[in-house]
Amino acid sequence: MGRLHNLMLLSAGFFSTLLLAQEMSAAAGMTVKVSTTPIFSKIPRAQTNKDFQVLLRIEAPPPVDLKGRVPIDLVAVLDVGGGGMSLEPVKKAMKFAIRQLSDEDSLAIFGPPMSREIIPKFMNIHGNRRIAEKKVDELEGRRFAHPARSSLDEALKMLEDQPASSSVGRAKFIVFVTDITRFSSDMPELSKYPVHAFGLGASHDAAALRLVAQRSQGTYSFLDDANADKVAAALALCLGGLKSVAAVGARVVLKAASGSGVRIDRISSGGYASSVSHVDGASGEIAIGALYAGEVKSFVVHLDVPAAPETSPGEGVCCDQQQLLVASLDGQLYTSGSGVDVVVDDAAAAGGGGPIQDVLVVERPPAAVLPKVPSAIVVNHIFQFRVLEMVDAFINDEILLRRTPATDVDDLGTKLLARWERFVLEHQFWVGLDLGSLDGEITAVANSLRKQQQHVVGVSSSSSMAAYIFSWMSSYKMQRPTAMGSPAKVVGVFVTLEVHLTLQVAITAESGGGDGECHDECEYSCVEQLPPAPPLLVASGRDDDSYRFNAAYEGVISLDDINQFMIKIYQGMVKANNLKQCHLMNQQPRAVA
């Protein structure tokens, strides 16, 4: 009961904010949402636009709206010990992961090559947690230096050998934790299963782990020497998503509206694989894979829009309106019905009605001149994807293909800032542009390159000094949190509720009950408390100790909503801590007026 009480205390500060989120999501429905926003809502009828940008957003419902989630098969590859790193933080992190998994999940663990086998085949978590933890205690460090590949190869082979039926309704992931300083030059086939890579210590092969994560649509995190003992907290940034999977095999299918003449030119999708039909450009696709509860994925679709045809504008529109694009979501989406949790292959069935899609409609008035005020949210997402392209070019030119001595780290930081300043100047007249946290983040990335100067001893170390910029790029490309040297250094916008709660549990466990707050190590963005919402109750003004319901919530939430939400929090905490809820009395926590 103590674990549940502590976690309830951790989440209490989020109650008001979560309650508002609960009401907003309930109003929007309990399924994945697809939305499209054009850069301009109007295009003159006779005008053509060769690069008409559209913001595409995929929003998964928060955990509170899910009555369950997709069970997972997790493979942990723990290749640690040869570089002087202690195994104890890794063992503790793995035990933390075991306790976070649900009874429906399964786990396999591979140690370094030539070491004792840990759990070479999937083990059901239900009833086997203690056995799995004892197996983790048997983990031995690497006995000799080797180009790290064989452990990862074994994990991939084990997954490939699984019968096809075992993948139905389940999500499969690999977590790769290593301090390897030199990776094998030839990479295994990584496109099928996401590999979430964690590099330990300043000398690990950051470039190789970045490539592993990039090719598999996973993420790359790292812990520097000062934070190498915080493996559980770094792992929590990943586990919070893995244990709240709302969809598997999710993909967005794009189709130009029939008769519109629109072509899909290209798709800005970051680290997610995307494709466009080369025949006529009438269709495209974005492969997301696993979608976590509470996640929002944003992409920019670039259209070639011709002058409006004289024919009918399309079904469901009239007059000066025209359909340009249809965006639909396919995949195995989680749903619940009649008390039975199932995963369906058809998004339409999961949505409980029509398909999960959005149809982009714009106005095509006859006027030749219209006021052109672009959508600010679209402008800022276009800018963000261009920033990623700029930093990618910097990484390729100055780090991966660098020919000058790597000890000249200060020069790299200065070069990055110079590119950034030029880039901002080139976009300074963009209407609606807001740099937000990007300026501080790019500065922090440049500073990290400078700080690594004392660790760099030669050209071969150039990838290690770039671990921070690699991890930052991985976070933005996959739109998920990564540990950038420390679990406290993350891109906060990608931290979902489930990730935040999982991280707080890990921090509390590692600190032996400490407050888990960020202090001096936070540079620009750490996991902090959410801004407080208005209080639910305010003083009644009757010169006594009585209170009344805050008028700010009238018409938004009721006391019954509060009661139901408290029940969901309680039940969620029970499930998250693998506890059993007693049913001796037919009573549930209630809020009173």
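No experiment lies behind these values; they were computed from the predicted model shown.
- In this structure, Asp224 contributes its side chain and Ala226 its backbone to a donor-acceptor pair below 3.5 Å.
- Taking the six-membered ring for Trp, Tyr468 and Trp472 have ring centres at least 6.0 Å apart.
- Considering only heavy atoms from C-beta on, Lys91 comes within 4.5 Å of Val136 through its side chain.
- Rounding to the nearest 0.5 Å places CD of Gln479 at 7.0 Å from CD of Gln384.
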- Message: Between Lys157 and Asp153, does the salt bridge (Lys or Arg N to Asp or Glu O under 4.0 Å) criterion hold? Intermediate values first, please.
- Response: CA-CA 6 Å; Lys157 184 178 185 302; Asp153 283 344; over 6 Å; no
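- Among Ser474, Ser221, Ser471, the single residue meeting the side chain to side chain donor-acceptor pair (under 3.5 Å) criterion with Thr482 is Ser471.
- Among all heavy-atom pairs drawn from Leu223 and Ser486, the shortest one is CD2-CA, 4.0 Å.
- The shortest non-hydrogen separation linking Ile72 to Arg170 is O-NH2, 3.3 Å.
- Side-chain atoms of Leu101 and Lys243, non-hydrogen and from C-beta on, never get closer than 4.5 Å to each other.
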- Task: With salt bridge (Lys or Arg N to Asp or Glu O under 4.0 Å) as the test, would you mind laying out the steps for Lys95 and Asp137 before giving the verdict?
- Result: CA-CA 9 Å; Lys95 291 179 182 179; Asp137 285 330; 2.7 Å; yes
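- No close placement of the Phe299 and Phe385 rings is indicated, their centers lying 6.0 Å or farther apart.
- The heavy-atom pair separating Ala290 from Val245 by the smallest distance is CB-CG1, 4.4 Å.
- The two atoms that bring Ser216 and Val195 nearest to each other are OG-N, 2.9 Å, heavy atoms only.
- Exactly one of Val70, Val499, Leu242 qualifies for a side chain to side chain contact (heavy atoms under 4.5 Å, CB included) with Tyr292. That residue is Leu242.
- Of all heavy-atom pairs between Ala293 and Ala60, the closest is CA-CB, 4.3 Å.
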